Amino acid sequence: MTRAQIITRLLKPALFVLLLVPLALLVGRGVTDTLGANPVETITYQTGLWALRLLLLTLAITPLCRLTGINELVRLRRMTGLYSFFYALLHFSTYAVLDHGLDLAAILADVVKRPYVTVGFSAFVLLIPLAVTSHNRIIRLLGGKRWKRLHRLVYLCALGGVLHYLWLVKADTLSPLLYLALFLGLMLFRIPPRTRAKLGDLLRRLGPNERAQRLLKEER
Amino acid sequence: MLIKRPEAIKPSEITDQATYLNRRQFIRDSGLLGVGVASALAGLPWAKNSWAEAPGLPSYTDLRQSPFSSDEKLTEYEDATSYNNFYEFGTDKSDPKANSRDFVPRPWSVVVDGACEKPGRYDLEDFLRPHPLEERIYRLRCVEAWSMVIPWVGFSLGDALKRLQPTSRAKYVAFYTLHDPERMPGQKRRVLQWPYREGLRMDEAMHPLAMLAVGMYGAELPNQNGAPLRLVVPWKYGFKSIKSIVRISFTEEQPVCTWNQVQPNEYGFYSNVNPNVDHLRWSQKKERRIGNWLKQETLMFNGYADQVASLYNGMDLKKYF
């Protein structure tokens with residue numbers, strides 16, 4: 001088997017099953033009545049968390065390809081992206097049905113009024129065109145360039161997801177800040193190499209050591 | 001928005017307390033009778049909720065029943081003791097139960113200071129001795145828009161404060177939680193500025209609904225619920241009901257309160273339950289009663305408006321939230 005075959009025939013189906021595990025765990029806890037005192041909160045939290053995790057995993061695949069040199073890993077990206085959308089859909093549905101009883105006016109008011117809902121909802125809505133255009137035939141129809149441009153929206157989705165998490169936490173922001181750091185790290189990877197070099201130069205020049213040395217030199 | 005205030009009540013219209021209490025007693029007794037009959041018919045479905053469920057903790061006997069009690073269905077003991085906000089033991093709802101297992105709330109003393117005639121350090125037993133215990137079933141509304149119904153064991157806060165003889169300079173009373181990172185591991189991280197502090201205006205503190213609790217569900221307080229002594233102020237958001245109290249301080253100035261200090265625009269000093277004033281980030285119109293899937297309407301002052309609304313006459317509750 002070639003490397004590409006290993007990935008598409010073994011790794012991909014394995015990942016497909018693996019990414020169902022968070023949902024299976026939730027269902028299991030529901031059946032055994034171990035979702036805790038506030039099951040709705042548990043379901044909302046877990047589905048939201050997995051949507052965000054899988055979105056960041058999706059963003060991590062390109063860097064992973066480059067770091068490992070295994071470019072065929074990119075074949076897993078569509079699936080992790082679609083799974084992220086799947087969990088986001090479960091997350092939004094839980095909110096719409098169990099928090100608002102499908103009262104569209106109340107949901108809309110919430111989206112308009114509350115920044116953390118606004119960013120979370122926007123991220124979800126922006127994921128929809130990405131999920132819809134993930135079929136091979138549609139990609140071909142759009143053409144690679146246009147498809148690629150459209151799918152840059154994923155960066156906004158991830159940012160929205162991270163901010164959504166950060167803004168809803170009461171005081172303990174450690175966990176959302178870790179996700180923010182992860183997101184920013186993945187974004188750094190997207191900066192073109194030449195710009196990155198320039199940035200590094202700039203940072204070094206602003207660094208305390210450099211400045212101290214320059215001052216010493218001037219004194220001399 | 002214009003809030004219409006009720007006209008002042010004429011003295012002649014005021015029900016005297018004895019009649020009022022009798023009425024409450026009557027309603028409660030007839031309610032209990034109803035519940036009793038219904039339970040007999042339905043094979044005691046809510047016996048599941050009964051006091052006997054508090055495991056391993058010393059239980060109280062011969063508790064007086066309070067006329068202030070609600071007759072709503074009690075929150076399951078398991079839920080009330082495994083879903084807690086008590087950052088001293090961690091910030092997850094399940095942390096307090098897990099991380100307070102080894103906490104021993106004895107020996108315990110309460111320091112009393114500030115504007116009062118009887119300052120000093122009181123052993124918990126001495127502090128509690130003068131007060132007969134009663135059971136009060138109160139609604140508890142968390143600022144996070146969930147709620148419970150809990151049978152507390154304790155006594156009126158005002159009775160305890162009166163014994164400490166606050167002077168005329170005492171305008172507020174402040175409460176402090178134990179600060180001991182070795183025993184309360186959550187305090188090793190500076191999520192909040194320890195120790196946790198809360199406070200009430202003197203007239204709020206003297207209101208008969210405000211209580212000090214030493215137990216729940218007929219037994220001593222579990223550690224995760226604020227053993228051995230906590231405040232319960234049922235018309236305010238739950239975080240006002242400070243847990244594991246080690247200090248009571250009478251002050252002239254409005255005391256610093258922990259959540260108010262963290263986010264003054266989200267958590268006010270008063271923090272009265274109010275469906276018309278949203279939290280900056282989420283709505284307070286509805287709440288999820290633990291045990292239910294769908295939300296229900298939140299009531300003004302958590303349903304205690306008849307008793308406490310007069311404390312805030314003439315105050316703009318949107319400003320003093």
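Residue numbers begin at 1 in each chain, while the letters A, B, ... track the order of the sequences. Please read these numbers as outputs of a predicted model, since none were measured by experiment.
With a 4.5 angstrom heavy-atom cutoff, B:Leu280 touches chain A only via backbone atoms. Looking at A:Val117, there are no atoms closer than 4.5 Å to chain B (heavy atoms on both sides), in backbone or side chain.
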Test side chain to side chain donor-acceptor pair (under 3.5 Å) applied to A:His151 and A:Ser134, step by step: CA-CA 9 Å; A:His151 278 247; A:Ser134 62; over 6 Å; no
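Residue pairs meeting the salt bridge (Lys or Arg N to Asp or Glu O under 4.0 Å) criterion with at least one partner in residues 76-90 of chain A, sequence neighbours excluded, are absent. A ring-ring contact (aromatic ring centres under 6.0 Å, His included) check over residues 16-36 of chain A, counting only residues at least two apart or in different chains, returns the pairs A:Phe16-A:Tyr83. Pairs passing the salt bridge (Lys or Arg N to Asp or Glu O under 4.0 Å) check and including a residue from residues 79-89 of chain A, sequence neighbours excluded, do not occur.
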Using only distance, no hydrogens or angles, which N or O donor-acceptor pairs sit under 3.5 Å between chain A and chain B?
| unit_1 | atom_1 | unit_2 | atom_2 | d |
| --- | --- | --- | --- | --- |
| A:Asn38 | ND2 | B:Tyr83 | OH | 2.9 |
| A:Glu41 | OE1 | B:Tyr83 | OH | 2.7 |
| A:Glu41 | OE2 | B:Tyr83 | OH | 3.0 |
| A:Leu98 | O | B:Arg288 | NH2 | 2.9 |
| A:Asp99 | OD1 | B:Arg288 | NH1 | 3.3 |
| A:Asp99 | OD1 | B:Arg288 | NH2 | 2.8 |
| A:Lys113 | NZ | B:Asp278 | OD2 | 3.1 |
| A:Arg114 | NH2 | B:Asp278 | OD2 | 2.8 |
| A:Trp167 | O | B:Arg281 | NH1 | 2.5 |
| A:Val169 | O | B:Arg281 | NH1 | 2.8 |
| A:Val169 | O | B:Arg281 | NH2 | 3.4 |
| A:Lys170 | NZ | B:Glu144 | OE2 | 2.8 |
| A:Asp172 | OD1 | B:Arg189 | NH2 | 2.6 |
| A:Asp172 | OD2 | B:Thr91 | OG1 | 2.6 |
| A:Asp172 | OD2 | B:Arg189 | NH1 | 3.1 |

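Between A:Pro176 and A:Leu166 the shortest heavy-atom distance is CB-CA, 3.6 Å.
Between B:Phe321 and B:Phe269, the distance separating the two ring centers is not shorter than 6.0 angstrom.
There is a side-chain donor-acceptor pair under 3.5 Å between A:Tyr179 and A:Arg53.
Ranked by heavy-atom pairs under 4.5 Å with chain A, the first of B:Leu192, B:Val262, B:Val143, B:Ile290 is B:Ile290.
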